[in-house]
Structures are given as structure tokens and as C-alpha cells.
Amino acid sequence: MSTAAKLAVVASEDQLFPDHNGFDIKGIERALAFNKKKKGKKIRGASTISQQVAKNVFLWQGRSWFRKGLEVYFTFMIELVWNKQRILEVYLNEAEMGKGIFGIEAAAKKYFKKPASRLTRTEAAMIAASLPNPVRYTVKPVSTYVSRKYPWVLRQMNNLDGDPDVVAIIR
């Protein structure tokens, strides 16, 4: 797969991915404060790429404290056993990237008629922009959310481009 796809996902989903141990503590604290203030109207999450891999590979969708507890356990184990390159590779190969579209290869073929290894930065940013809810935020036809978010993802990609920790993971 292209380095652009890897960089786009890190830029969009988890910019601290190279530096944390599977959990973004400050992000969790911000989400808890936001959710407490909103009192259940709109829930904000703080899942890292590692936590999403744990959920998508080993668990089920949905929200419960029991599932979240198992997610913590599996995230800890994933971070213990796999390196960051492997975690990112698994994420990119199993994440839903559209209704019934799983993995970056399937998304690249469906949306851009090419293999994931040939995705441009813009194409990768568009796919990554859809990831909060790829069934609702569509790449083709491009939803309003994706059309507004992918330029931000491109800017974040540019910001992260020279970071040695990010480069070590995506190359």
C-alpha cells in the first residue's frame, strides 16, 4: 500500500500513534470532559488506531463498559506483541472504509479504480477523511463532510511528513 495511505490515516485518526502505548490519555480526558458537558447528546470518542484494531479484530461493535474493558486488555496485548508498523497494516487492511468496503485495497479499487499502492495523497486523504463514519461520510459520491475534512487531512499530512517517528512507521 502507498505511504500516502499510511500517512493519511495517522494524520486523520491518531497523530500521536508513534508516541503512545495504545492509549491517548489526554484525548480520553478531553472526550470525558466533552461528554460530561453534553450529557449524552453527542458522544465524542478518543480511540487510538491500536484501540480500533483491538475492537475490529477481536471484539464486536457497540458501546458497553464490558466491551470497553476487553478493548483495553486487547489494546495492551497488541501493543505488547506487535510493532507500530504491524498495527497500522492490520488497521488499514480491516477497517471499514465504506458500506461493505473493508480495507484500503478494496477502497482504492472501488473509489479510484487502482490498487492501494498507487493512491495519491489526495485520494488517500479522502478515504481517511471518511473514517469516523465511512457509511455516512462517503468518498464517492463525496459527502459534504469528506469534502470539508480531506483538505485538513492533507495539511496534517504535510505537517507530519518529516517527523522521524512517523516516517519510521510509514516507510
Side-chain angles (χ1 to χ4, degrees), residues 1-36 42-98 101-108 116-117 119 121 124-135 137 149-150 152-171:
M1 71 190 69
S2 72
T3 57
K6 297 173 189 176
L7 181 60
V9 167
V10 171
S12 178
E13 293 287 289
D14 186 359
Q15 292 186 17
L16 298 176
F17 180 64
D19 305 316
H20 62 60
N21 64 351
F23 305 95
D24 177 1
I25 302 304
K26 288 182 182 176
I28 293 168
E29 289 170 351
R30 282 191 305 272
L32 287 171
F34 176 89
N35 294 341
K36 185 177 182 182
K42 185 174 183 183
I43 302 293
R44 178 179 290 173
S47 291
T48 64
I49 288 172
S50 302
Q51 288 175 279
Q52 292 177 57
V53 168
K55 177 186 72 174
N56 292 341
V57 173
F58 298 109
L59 300 170
W60 61 93
Q61 301 299 315
R63 293 185 177 176
S64 73
W65 288 110
F66 178 69
R67 192 198 57 76
K68 201 62 164 168
L70 290 173
E71 181 183 306
V72 168
Y73 169 77
F74 282 112
T75 300
F76 177 77
M77 295 307 292
I78 286 168
E79 285 278 338
L80 191 65
V81 176
W82 291 345
N83 63 29
K84 294 289 187 171
Q85 293 91 342
R86 178 69 179 145
I87 295 168
L88 185 58
E89 178 186 352
V90 170
Y91 179 75
L92 282 163
N93 282 314
E94 53 75 31
E96 186 171 20
M97 299 189 179
I101 302 167
F102 292 88
I104 192 72
E105 188 69 26
S117 62
L119 284 173
R121 289 171 73 91
M126 290 178 77
I127 293 170
S130 76
L131 291 176
N133 188 340
V135 173
Y137 306 138
K149 185 167 181 189
Y150 91 83
W152 177 87
V153 174
L154 281 168
R155 286 190 301 276
Q156 299 309 307
M157 290 168 72
N158 289 336
N159 292 340
L160 293 174
D161 228 354
D163 183 299
D165 295 331
V166 173
V167 170
I169 291 171
I170 67 169
R171 301 288 181 227

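Sequential numbering from 1 along the given sequence is applied to the chain's residues. Here the structure is a predicted model, which is why all the values come from computation and not from measurement. Atoms considered below: every heavy atom in the structure, side chains included; atoms not considered: hydrogens, waters and symmetry mates.
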Completion exercise
Correct closest heavy-atom pair for Ser12 and Ala128 would be OG-O, 3.2 Å

Handout entry: Taking every non-hydrogen atom, the tightest pair across Met157 and Ala125
Key = SD-CB, 4.0 Å

Exercise for the section: Ignoring hydrogens and angles, tell me if any N or O in the side chain of Glu79 forms a donor-acceptor pair with the backbone of Phe76 under 3.5 Å. Expected result: no

Handout entry: Side-chain donor or acceptor of Glu105 paired with backbone N/O of Ala116 under 3.5 Å
Key = yes

Practice task
Apply the test side-chain contact (heavy atoms from CB on, under 4.5 Å) to residues Val153 and Met126: give CA-CA distance (whole Å), side-chain angles for both, the deciding distance (0.1 Å), then the verdict.
Solution key: CA-CA 8 Å; Val153 174; Met126 290 178 77; over 6 Å; no

Fill in the blank from the handout: Taken to the nearest 0.5 Å, the spacing of Ile78 CD1 from Arg86 CZ works out to 10.5 Å

Problem - Which atom of Gly98 lies closest to which atom of Val135, heavy atoms considered - result: C-CG2, 4.4 Å

Handout entry: Reported OG1-to-CG distance for the pair Thr3 and Leu119, which is rounded to 0.5 angstrom
Key = 10.5 Å

Handout entry: Flag side-chain contact, heavy atom, 4.5 Å: Arg121 against Leu7
Key = yes

Exercise for the section: Quick one: do Leu131 and Tyr91 satisfy side-chain contact (heavy atoms from CB on, under 4.5 Å)? Show the steps, please. Expected result: CA-CA 11 Å; Leu131 291 176; Tyr91 179 75; 3.6 Å; yes

Exercise for the section: Check step by step if side-chain contact (heavy atoms from CB on, under 4.5 Å) holds for Asn56 and Glu96. Expected result: CA-CA 9 Å; Asn56 292 341; Glu96 186 171 20; over 6 Å; no

Exercise for the section: Say whether, by atom type as modelled, one donor and one acceptor occur between the side chain of Ser50 and the main chain of Thr75 under 3.5 angstrom. Expected result: no

Exercise for the section: Using a cut-off of 6.0 Å, state whether more than 12 heavy atoms not belonging to Phe102 lie near its atom CZ. Expected result: yes

Practice task
Identify the two heavy atoms, one from Gln156 and one from Ala11, that lie closest to each other, and give their separation to 0.1 Å.
Solution key: CB-CB, 3.8 Å

Problem - Note, Lys68 side chain near Gln51 side chain (heavy atom, < 4.5 Å) - result: yes

Handout entry: Interatomic distance, Asp163 atom CG to Asp19 atom CG [nearest 0.5 angstrom]
Key = 7.0 Å

Completion exercise
Rounded to the nearest 0.5 Å, the CZ atom of Phe66 sits from the CD atom of Glu71 at a distance of 12.5 Å

Practice task
Look only at the side chain of Asp14 and the backbone of Ile49, and say whether a donor-acceptor pair between them is shorter than 3.5 Å.
Solution key: yes

Exercise for the section: Might you point out which heavy atoms bring Asp161 and Val167 nearest each other, and give the distance in Å? Expected result: O-CG2, 3.2 Å

Completion exercise
dist Asn93:CG -> Leu88:CG (nearest 0.5 Å) comes out at 9.5 Å

Exercise for the section: Look at the side chain of Glu89 and the backbone N and O of Lys6, then say whether any donor-acceptor pair between them is shorter than 3.5 Å. Expected result: no

Practice task
For Ala107 and Ile127, work out which heavy atoms get closest and say how close.
Solution key: CB-CD1, 4.0 Å

Exercise for the section: Drop me the distance from Leu80's CG to Phe74's CZ, to the nearest 0.5 angstrom. Expected result: 13.5 Å

Exercise for the section: For the residue pair Val9 and Ile104, establish whether any side-chain heavy-atom pair is separated by less than 4.5 Å. Expected result: no

Exercise for the section: Take Val72 and Phe23, measure what side-chain contact (heavy atoms from CB on, under 4.5 Å) needs, and give me the verdict at the end. Expected result: CA-CA 9 Å; Val72 168; Phe23 305 95; 4.0 Å; yes

